[in-house]
Each structure stands twice: as C-alpha cells, then as structure tokens.
Novice: 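There's a structure below that I have some questions on.
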Amino acid sequence: MAAQTAIAANQTRADSAPPAPDLAALKTRQQAAWSSGNYAIVGATLQIVGEELCEALDLKAGSKVLDVAAGNGMASLAAARRWCDVTSTDYVPALLERGQARAAAEGWPIEFKEADAENLPFDDNSFDTVLSTFGVMFTPNQDRAAAELMRVCRPRGKIGLANWTPEGFIGQVFKTLGKYLPPPAGTKSPALWGTSARLNEMFDAGARSIRAESRLFKFRYRSPEHFLDVFKTYYGPVLKAFAALEPAKQEELHNDLHALIVRMNRSGDSTMVVPSEYLEIVITKQ
C-alpha cells in the first residue's frame, strides 16, 4: 500500500509539473525578433564594450578568435584591431552583412559565417579565444550554448563574455517587457548570464578560473524619447513587444519604460545618460 501511495504521489507531481518549454520554437521566435528592425544601429553604439573585453582578455596578435552571436561585429572588429585571426558568427545573415561591411571599410580580413551558438560548426579545441558580447546570453538552451563555447575553445584558452545583469538598466528593460509579455514557463532569463552563480553552474566544471567584474556601459541618447524611438524601431525584442500589444497596452509599456529611464538618468539635463551594469567575464579553460 505504501509503495502504491508513493507511486501515486510521484505521478501526481509529474502530472502537475509544467510542461518543458519548446526551446526550438522559442529559438525560431527569437531569430525572427533579432532579424526584425536593425540591431546594427544599437550594436554600433556598444563598441567600447568589445574593446574593453579584448583588453581584459589580454589578446595577443595572431591569436585565433571566434566571436559567437556577434551581431554586427563589435567584438570581432575589436579583436581584428589587435591583429588576431577572427571568425565572426551569428544566426542572422543581415547582421553578418553589416559586420562584413564594417570590416571591409576598415580593411580587416575577418571571416564571417552563419552559425547557431547552440550548435557551432567548428571542431573541438579550434580557437585560442571565444568571445560573445550581449549575444550568447539570449540563447534558449543556455547549458547547450555554454557547452559549445567550452568545446570549441582550446585547453588553457579563454572565453570572454559581456552579459547584462538582472539589476542593471537593460535587465530592468527586459523585466518590464516581461510584465506585458511573460516568457514561456520553464525558460531561463537571459539576465542569469549576468550572475556569478549561473556562470559557475554552466562553466565551473571545465574551467581553471572564472573572473567576473561588474562594469557600466552608459547609454547616451538625445533624450529618453529618442532612446525609446530608436529601440522601438531597431531593437528586435522591443520592436516585437510593442507590435504584439494593443494600443492601450503599448502606451502603458511606453510609459513604464520612460519612467525607468527617467529614474536612472544621470545626465542632469534634457539628454539621456543611463549607466547599465554588465558583467565582464574571463573564463580560462582547463
């Protein structure tokens, strides 16, 4: 009887457990979101983050570098400027084209390749350094993506990441979006990549060391309204969120985001200067 009761209890728990999220469907929606608008307009303003990450990694000339979920090549260009052998990847072809145009304009011989961060088309131990700035953190299957970064990095090589934190401005923007469009049940927040606890869960087993430092990127725009106009037009997740809402809810979301910006604005005038916290991470592989 006791055994039957235990089995029944286990079955009840199984029946009441939320269904596993459809990560493939989520990835398709995310790819559509990042393909909409024009992330390159936003990505180009973040260039300093890629430069500082490359300095934190102490990149050496001639190093073989992979940039994962590279967008329009912010960190790829930073590595190329240090005379590295760079491969820049993303799953949005239009962003790769923008990165390729930037590299051509500056004369840097970067290889651009369409690739999924959760299934990188490279052999094990292929790169001295693997980078991702505000990119791989948005993968639906976080553990799989982390494993891929480790797999393609050579032993004693380095993985460099820049990830928005949950408490920072962009983390709060995504939290605000989630009030209006809750993420699928069972999915993990991208902002977890901006926490030491989650990084240790994903990377500690294969790492010699993990160094994470809090840094600030300052969003500088003409005004809070200018920032919202740019993000509603060009930044896929925000664009898609507004498109999915009825006009009344669009206005509420706009007002909530505007209030967030005003609360965090440090400009002292009518312009916008909002510091956004991110983690700069350097992982040394075993």
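Bear in mind that the values here come from a model prediction, so they are computed numbers and not experimental data.
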Novice: Got more than 12 heavy atoms from elsewhere within 6.0 Å of CG, Leu216?
Specialist: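 Yes - once you tally the heavy atoms of other residues, nucleotides and ligands closer than 6.0 Å, there are more than 12.
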Novice: Linking I/L/V/M/F/W/Y whenever their side-chain heavy atoms sit closer than 4.5 Å, directly or via other members, would Leu57 and Leu149 fall into one cluster?
Specialist: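 Different hydrophobic clusters.
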Novice: Is it the case that over 12 heavy atoms from other parts of the model lie below 6.0 angstrom from the NZ atom of Lys188?
Specialist: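 Atom NZ in Lys188 is not packed in, count stays at 12 or less.
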Novice: So with a 6.0 Å cut-off around OH of Tyr234, is the heavy-atom count from everything else above 12?
Specialist: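 Check fails, neighbour count at 12 or below.
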Novice: Going by heavy atoms in the side chains, are Arg208 and Arg156 under 4.5 Å from each other?
Specialist: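 Yes, their side chains come closer than 4.5 Å.
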Novice: I'd like to know if the side chain of Gln172 pairs up with that of Arg263 as donor and acceptor (distance under 3.5 Å, no hydrogens or angles considered).
Specialist: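 Note: Gln172 and Arg263 side chains miss the donor-acceptor criterion.
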Novice: What's the verdict on side chain to side chain contact (heavy atoms under 4.5 Å, CB included) for Tyr278 and Phe169, showing C-alpha distance, side-chain angles and the deciding distance?
Specialist: CA-CA 9 Å; Tyr278 69 94; Phe169 172 61; over 6 Å; no
Novice: Any side-chain hydrogen bond (donor to acceptor under 3.5 Å, both in side chains) involving residues 221-230? Give me the pairs, sequence neighbours left out, ordered by first then second residue.
Specialist: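 Checked against side-chain hydrogen bond (donor to acceptor under 3.5 Å, both in side chains) - neighbours excluded - the pairs reaching residues 221-230 are Arg222-His226, Glu225-His254.
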Novice: Testing the basics here: between Glu52 and Glu280, what is the closest heavy-atom pair and its distance to 0.1 Å?
Specialist: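 Smallest interatomic distance, heavy atoms only, reads O-OE2, 3.6 Å.
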Novice: Is there a donor-acceptor pair under 3.5 Å between the side chain of Asn265 and the backbone N or O of Ile261?
Specialist: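 Judged by distance alone, no pair lies under 3.5 Å.
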Novice: Mind checking whether Ser189 and Phe174 have side chains closer than 4.5 Å, heavy atoms only?
Specialist: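 No, too far: nothing below the 4.5 Å cut-off.
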Novice: May I ask you to decide if the ring planes of Tyr39 and Tyr235 are parallel, tilted or perpendicular, using 30° and 60° as cut-offs?
Specialist: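 Aromatic pair Tyr39/Tyr235 classed tilted.
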Novice: As a quick check of understanding, evaluate salt bridge (Lys or Arg N to Asp or Glu O under 4.0 Å) for Asp116 and Lys27, giving each step before the final call.
Specialist: CA-CA 10 Å; Asp116 181 352; Lys27 181 186 295 186; 2.6 Å; yes
Novice: With side chain to side chain contact (heavy atoms under 4.5 Å, CB included) as the criterion, how do Arg29 and Lys240 come out once you've worked through the C-alpha distance, each side chain's angles and the decisive distance to 0.1 Å?
Specialist: CA-CA 10 Å; Arg29 291 196 297 274; Lys240 287 291 190 181; over 6 Å; no
Novice: Mark yes or no for whether Ser132, through its side chain, and Val68, through its backbone, hold a donor-acceptor pair below 3.5 Å.
Specialist: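 Present.
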Novice: Got more than 12 heavy atoms from elsewhere within 6.0 Å of CG, Asp123?
Specialist: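 Not more than 12 within 6.0 Å, no.
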Novice: Drop me the distance from Ser196's OG to Glu213's CD, to the nearest 0.5 angstrom.
Specialist: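 Interatomic distance, Ser196 OG to Glu213 CD, rounded to 0.5 Å: 10.5 Å.
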Novice: Determine, step by step, whether Lys232 and Leu239 satisfy the side chain to side chain contact (heavy atoms under 4.5 Å, CB included) criterion, reporting the C-alpha distance in whole Å, the side-chain angles of both residues, the deciding distance to 0.1 Å, and the verdict.
Specialist: CA-CA 5 Å; Lys232 286 161 68 174; Leu239 183 162; 6.0 Å; no
Novice: With heavy-atom distances below 4.5 Å as the criterion, would you say the side chains of Thr133 and Leu46 are in contact?
Specialist: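 Heavy-atom side-chain distance check fails, nothing below 4.5 Å.
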Novice: Are more than 12 heavy atoms from other residues, nucleotides or ligands located less than 6.0 Å from atom CD of Glu251?
Specialist: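 Incorrect, the count does not exceed 12.
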Novice: Determine the minimum heavy-atom distance between Val238 and Phe231, stating which atoms define it.
Specialist: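 The answer is CB-O, 3.6 Å.
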Novice: State the CG-CD1 distance between Asp204 and Ile210, to the nearest 0.5 angstrom.
Specialist: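 One gets 5.0 Å once the value is rounded to the nearest 0.5 Å.
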Novice: Kindly indicate whether the side chain of Thr195, heavy atoms from C-beta on, has any atom under 4.5 Å from the side chain of Pro166.
Specialist: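 Counting from C-beta outward, Thr195 and Pro166 do come under 4.5 Å.
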Novice: Are Ile41 and Phe134 connected in a single hydrophobic cluster, I mean Ile/Leu/Val/Met/Phe/Trp/Tyr linked by side-chain heavy atoms less than 4.5 Å apart?
Specialist: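 Yes, same cluster.
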Novice: Is Lys113 salt-bridged to Glu111, going by a charged N under 4.0 Å from an acidic O?
Specialist: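 Answer for the salt bridge query: no.
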Novice: Give a yes or no on this: more than 12 heavy atoms of other residues, nucleotides or ligands lie within 6.0 Å of atom CD of Glu246.
Specialist: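 Counting other residues, nucleotides and ligands, CD of Glu246 stays at 12 neighbours or fewer.
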Novice: For Ala145 and Glu118, which heavy atoms make the closest approach, and how far apart are they?
Specialist: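 Answer, listing the atom of Ala145 first, then Glu118: CB-CG, 4.2 Å.
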Novice: When you measure from the side chain of Arg266 to the backbone of Met264, do you find a donor-acceptor pair of N or O atoms at a distance under 3.5 Å?
Specialist: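 Such a contact is found between Arg266 side chain and Met264 backbone.
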Novice: Evaluate the criterion ring-ring contact (aromatic ring centres under 6.0 Å, His included) for residue pair Phe138 and Trp34; output intermediate values, then yes/no.
Specialist: CA-CA 10 Å; Phe138 291 102; Trp34 290 112; 5.1 Å; yes
Novice: Mind checking whether Ser63 and Arg82 have side chains closer than 4.5 Å, heavy atoms only?
Specialist: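 Result no, sub-4.5 Å side-chain heavy-atom pair not found.
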Novice: Mind listing the closest non-hydrogen atom pair of Ala241 and Leu253 along with its distance?
Specialist: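 Heavy atoms of Ala241 and Leu253 come nearest at CB-CD2, 4.4 Å.
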Novice: Before you tell me yes or no, could you show the steps for Glu106 and Arg81 under side chain to side chain contact (heavy atoms under 4.5 Å, CB included), namely the whole-Å CA-CA distance, both residues' side-chain angles and the distance that decides it to 0.1 Å?
Specialist: CA-CA 9 Å; Glu106 293 192 23; Arg81 293 185 185 116; 2.7 Å; yes
Novice: Between Asn125 and Lys285, is any pair of side-chain heavy atoms under 4.5 Å apart?
Specialist: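 In short, these two side chains touch, coming nearer than 4.5 Å.
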Novice: Just list the side-chain donor-acceptor pairs under 3.5 Å for residues 84-96, sequence neighbours left out, or say none.
Specialist:
residue: Ser88; atom: OG; partner: Ser76; partner atom: OG; Å: 2.8
residue: Thr89; atom: OG1; partner: Asp67; partner atom: O; Å: 2.9
residue: Asp90; atom: OD1; partner: Val92; partner atom: N; Å: 2.9
residue: Asp90; atom: OD2; partner: Ala70; partner atom: N; Å: 3.3
residue: Asp90; atom: OD2; partner: Gly71; partner atom: N; Å: 2.8
residue: Tyr91; atom: OH; partner: Gln31; partner atom: N; Å: 3.4

Novice: Spell out, yes or no, whether Trp193 and Val173 are grouped together once hydrophobic residues are joined by side-chain heavy atoms under 4.5 Å, including indirect joins.
Specialist: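 Yes, same cluster.
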Novice: Between Arg151 and Asp124, is there a salt bridge with N-O shorter than 4.0 Å?
Specialist: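 Result for this pair is yes, salt bridge flagged.
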Novice: Rounded to the nearest 0.5 Å, how far does CZ of Phe112 lie from CD of Glu97?
Specialist: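 That separation rounds to 11.0 Å.
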Novice: Phe227 vs Phe219 aromatic rings, parallel, tilted or perpendicular, using cut-offs 30° and 60°?
Specialist: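 Geometry flag for Phe219 against Phe227: perpendicular rings.
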Novice: Look at the side-chain heavy atoms of Ile, Leu, Val, Met, Phe, Trp and Tyr, link any pair under 4.5 Å apart, and say whether Leu120 and Leu131 land in one connected group.
Specialist: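 No.
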Novice: Do Ile110 and Val65 belong together in a cluster built from hydrophobic side chains that touch within less than 4.5 Å?
Specialist: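 In one cluster: yes.
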Novice: Working to the nearest 0.5 Å, report the span between CE of Met272 and CG of Leu228.
Specialist: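 Answer rounded to 0.5 Å: 8.0 Å.
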Novice: Please determine if Glu167 and Lys175 form a salt bridge, counting it only when a charged side-chain N lies under 4.0 Å from a carboxylate O.
Specialist: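 Answer for the salt bridge query: no.
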Novice: Do Thr271 and Arg220 have side chains that get closer than 4.5 Å, going by heavy atoms?
Specialist: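 The answer is no, as the side chains (C-beta and beyond) never meet within the 4.5 Å cut-off.
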Novice: Specify the closest pair of heavy atoms between Arg98 and Asn38, including all atoms of both residues, with the distance to one decimal.
Specialist: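 Closest approach of Arg98 to Asn38: NH1-ND2, 2.7 Å.
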Novice: When you compare the side chain of Leu245 with that of Leu181, does any pair of heavy atoms fall below 4.5 Å?
Specialist: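 Heavy-atom side-chain distance check passes, below 4.5 Å.
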Novice: Gln142 and Met202: which non-hydrogen atoms are nearest, and at how many Å?
Specialist: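 Closest heavy-atom pair between Gln142 and Met202: O-SD, 3.8 Å.
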